[in-house]
Amino acid sequence: MRFHFKTSYDHDIRLFPDWWNFSLYGALLVAMLLLPVIFDSFYLGEVTNVLIWAVAGLGLMMLTGQTGQVSLGHSAFMAMGCYTCVILMEAGVPFVFAFILCGIITGVIGALIAIPALKLHGVYLAIATLALAILADDIIVILSPWTGGVSGKFAPDLSVFGYEINRWVNPEAWYYLALAVVLVVTLIYRNILRSPLGRAFAAVRDSEISAQAMGVDIARTKTMAFGISCAITGLGGALMGLFAGAFNNETFNFLIAIQLLMMIVIGGLGSIHGAFLGAIVVAFLPQALSIMTDQLGRGFNVPGLEIGVFGMLLVAFIIFEPMGLYGRWMKIRIWLELFPFARRDMFRRQKSYLKTERLR
């Protein structure tokens with residue numbers, strides 16, 4: 001068991017709690033850098049897919065996990081980021097600048113959309129954002145001169161400071177690109193949580209009335225959360241479209257938004273680790289189901305098996321483990337650290353909402 005002696009407020013907002021955690025994450029980074037040496041191109045592509053899903057998941061986690069605003073429309077912002085990046089690249093903008101600009105543009109548009117949308121609460125906000133995700137399909141078709149409509153677009157060749165990146169020729173380069181984006185986004189995410197804005201996000205999530213009483217501007221905080229969330233999700237959508245090589249109006253349908261929400265719930269709401277654990281489930285579960293059905297025989301084919309399994313997993317986690325995979329790991333770790341003094345009541349769930357907010 002390790003003890004943390006906090007003697008100032010700075011100790012509570014440090015990037016790493018202690019040198020032990022810093023060493024663990026450093027070892028994990030070294031292992032990730034050496035992964036192309038260990039895995040072949042197929043599994044390296046799957047890990048790259050996990051990293052891309054993690055970027056998009058971090059975007060939704062910023063809004064739903066940190067600020068408590070449920071969104072079912074983030075697939076629209078993934079599409080916006082993807083199309084914006086490709087259109088800028090086709091106009092001659094280098095990939096690095098086009099990638100950064102697509103995140104900024106998506107974030108600004110998302111913040112503008114959030115101004116009227118965030119006047120809603122709870123399930124009403126979820127329905128409004130779901131409508132946005134459904135409308136995105138039609139908007140892409142209407143804007144066919146720029147988006148290609150139903151025919152879609154092909155991703156242009158990537159070049160980072162003169163180095164060509166191709167998924168089929170050098171998959172390790174694509175992996176390192178996705179890893180670099182994940183590291184930058186995670187660092188930005190973590191520093192936002194350490195800032196006053198991140199504390200305002202948590203206050204709004206826990207109780208809007210209490211946050212407002214403490215001087216937090218609710219409308220501004222929600223708009224900032226929605227804008228930052230859409231910007232990060234737009235980056236994930238750009239990576240997803242470029243990695244796929246081709247995309248159209250059906251690539252980013254509303255089922256992607258449902259998968260994003262399931263991903264952060266299964267991984268663990270309100271934690272960076274939860275976005276990565278959920279991304280592993282979302283990326284590898286279809287492959288595991290495909291391998292299982294192949295082993296059972298060619299005649300074994302269940303329509304909708306993947307969606308059904310995802311749905312059962314979501315219901316199971318909501319009922320039995322609302323804190324997700326990361327919450328379960330935290331409980332196991334704490335139990336091992338405190339053994340034999342750990343008690344079951346340590347993890348008993350409690351109702352923490354205010355009476356004034358039950359109807360929101």
Side-chain angles (χ1 to χ4, degrees), residues 21 24-25 27-62 64-66 74-75 78 167 171-172 174-187 189-190 232-233 235-237 239-240 243-244 255-293 305-318 320-333:
N21 280 271
L24 287 178
Y25 287 112
L28 177 62
L29 177 59
V30 172
M32 295 297 290
L33 291 174
L34 296 177
L35 214 59
V37 181
I38 303 172
F39 287 171
D40 57 17
S41 58
F42 173 77
Y43 287 105
L44 194 62
E46 293 301 314
V47 176
T48 304
N49 192 33
V50 170
L51 295 177
I52 294 172
W53 273 105
V55 174
L58 285 172
L60 185 57
M61 186 72 79
M62 178 68 73
T64 303
Q66 305 301 335
H74 265 48
S75 59
M78 292 180 68
R167 176 182 177 181
E172 62 279 354
W174 240 111
Y175 167 77
Y176 284 125
L177 172 64
L179 180 61
V181 174
V182 165
L183 291 176
V184 172
V185 169
T186 304
L187 187 62
Y189 189 111
R190 184 71 180 92
I232 297 175
T233 306
L235 296 179
L239 287 177
M240 188 173 293
F243 186 67
L255 291 177
I256 297 292
I258 303 297
Q259 279 186 300
L260 273 179
L261 185 60
M262 288 193 303
M263 183 178 78
I264 62 173
V265 171
I266 293 173
L269 279 173
S271 66
I272 296 176
H273 301 81
F276 287 91
L277 293 174
I280 293 173
V281 174
V282 168
F284 281 107
L285 183 60
Q287 298 295 337
L289 292 176
S290 177
I291 293 172
M292 181 189 70
T293 53
L305 177 63
E306 180 181 328
I307 301 299
V309 172
F310 272 122
M312 289 188 293
L313 279 176
L314 181 62
V315 172
F317 273 97
I318 290 176
F320 299 107
E321 188 50 84
M323 296 178 65
L325 291 172
Y326 182 66
R328 174 54 55 181
W329 159 244
M330 288 291 293
K331 292 177 181 179
I332 294 173
R333 193 187 73 180

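Computed from a predicted structure; not experimentally measured. Residue indices begin at 1 and follow the sequence shown.
Listed by chain and number, the residues in a side chain to side chain donor-acceptor pair (under 3.5 Å) with Tyr189 are Gln66 (sequence neighbours excluded). For Ala54, the side-chain contact (heavy atoms from CB on, under 4.5 Å) partners at least two apart in sequence or on another chain are Phe276, Ala279. Under the side chain to side chain donor-acceptor pair (under 3.5 Å) criterion, Arg328 pairs with Glu321, not counting sequence neighbours. Remark: Phe317 pairs with no residue by the ring-ring contact (aromatic ring centres under 6.0 Å, His included) rule, at least two apart or across chains. Listed by chain and number, the residues in a side chain to side chain donor-acceptor pair (under 3.5 Å) with Glu172 amount to none (sequence neighbours excluded).
The heavy-atom pair separating Pro36 from Tyr176 by the smallest distance is CG-OH, 3.4 Å. Residues Leu239 and Val55 share a closest heavy-atom pair of CD1-CG2, 4.4 Å. Closest approach of Gly65 to Leu269, counting heavy atoms only: CA-CD2, 4.1 Å. The shortest non-hydrogen separation linking Thr48 to Ala178 is CG2-CB, 3.9 Å. Scanning all heavy atoms of the two residues, the minimum distance from Met32 to Tyr175 falls at O-OH, 2.6 Å. Heavy atoms only, all atoms of each residue included: Ala257 and His74 are closest at CB-N, 4.1 Å.
Checked options Leu277, Leu58, Thr64; the residue passing with Ile264 is Thr64 (criterion: side-chain contact (heavy atoms from CB on, under 4.5 Å)).
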Item to complete: List the steps and the verdict of side chain to side chain contact (heavy atoms under 4.5 Å, CB included) for Val281 and Trp53.
Response: CA-CA 10 Å; Val281 174; Trp53 273 105; over 6 Å; no
Worksheet item: After noting the C-alpha distance and the side-chain angles of Ile272 and Tyr326, does the key distance pass the side chain to side chain contact (heavy atoms under 4.5 Å, CB included) rule?
Response: CA-CA 9 Å; Ile272 296 176; Tyr326 182 66; over 6 Å; no
Practice prompt. Might you work through the side chain to side chain contact (heavy atoms under 4.5 Å, CB included) test for Leu179 and Leu33, ending with a clear yes or no?
Written response: CA-CA 9 Å; Leu179 180 61; Leu33 291 174; 3.9 Å; yes
Item to complete: Using the side chain to side chain contact (heavy atoms under 4.5 Å, CB included) rule, take Met330 and Met323 through it: C-alpha gap first, then chi angles, then the decisive distance, then the call.
Response: CA-CA 9 Å; Met330 288 291 293; Met323 296 178 65; 5.6 Å; no
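To the nearest 0.5 Å, atoms CE (Met62) and CD1 (Ile232) are separated by 4.5 Å. Taken from CD1 in Ile280 to CD in Glu46, the straight-line distance is 12.5 Å, to the nearest 0.5 Å. Rounded to the nearest 0.5 Å, atoms CD1 (Ile318) and CD1 (Ile266) are 9.0 Å apart. Note: Tyr43 OH to Phe284 CZ = 8.5 Å, rounded to the nearest 0.5 Å. Considering OG of Ser271 and CG of Leu325, their distance stands at 9.5 Å, rounded to 0.5 Å.
Under a 3.5 Å cut-off, the side chain of Ser290 and the backbone N or O of Pro286 do not form any donor-acceptor pair.
Residues Met263 and Leu60 fail the side-chain proximity criterion, which asks for heavy atoms closer than 4.5 Å. Contact annotation: the side chain of Leu285 approaches that of Leu313 to within less than 4.5 Å [non-hydrogen atoms, C-beta and beyond].
Contacts classified as side-chain hydrogen bond (donor to acceptor under 3.5 Å, both in side chains) and involving residues 272-282 (residues at least two apart or in different chains) are given here: Tyr25-His273.
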